[in-house]
Amino acid sequence: MDFDVNAARSVVTVLSFALFVGLMVWVYRGHRKAAFDEAALLPFAGDDVPDETPKSQ
């Protein structure tokens, strides 16, 4: 039995697509919407702290 690289590529492609579809279903199902909304605001979490650097006049 010879190793067929094209068969291996096909298997990897199908597995990658299945993983992608599974990830999309998990993300868009909605049961984790609150956690995703909270994570979306993390980059802005420190913006309410006033800037303490002196301003030049």
Side-chain angles (χ1 to χ4, degrees):
M1 184 171 181
D2 294 327
F3 176 74
D4 187 15
V5 72
N6 290 325
R9 288 178 182 166
S10 297
V11 169
V12 169
T13 300
V14 169
L15 289 176
S16 297
F17 182 69
L19 181 64
F20 173 76
V21 169
L23 184 63
M24 291 298 108
V25 168
W26 178 70
V27 167
Y28 287 109
R29 257 180 55 187
H31 69 284
R32 295 187 42 92
K33 182 169 176 23
F36 289 144
D37 288 343
E38 182 181 342
L41 295 175
L42 282 176
F44 308 109
D47 286 351
D48 56 350
V49 179
D51 189 15
E52 295 183 11
T53 58
K55 298 187 184 319
S56 61
Q57 295 179 359

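All values below were derived from every heavy atom in this structure, side-chain atoms included, with hydrogens, water molecules and symmetry-related copies excluded.
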Checklist entry - Do the side chains of F36 and L23 join up, straight or via other hydrophobic residues, at under 4.5 Å, putting them in one cluster? => result yes

Checklist outcome for this item: side-chain contact (heavy atoms from CB on, under 4.5 Å) test vs F17 passes for just one of T13, V21, V14, L19, namely V21

Item to check | Which atom of R32 lies closest to which atom of W26, heavy atoms considered | outcome: NE-CZ2, 3.4 Å

Next on the checklist: My understanding is that only residues two or more places apart in sequence, or in another chain, count here; which of them pass salt bridge (Lys or Arg N to Asp or Glu O under 4.0 Å) with D4?
Outcome noted: none

Checklist outcome for this item: CZ of F20 to CG of L15, rounded to nearest 0.5 Å, is 15.0 Å

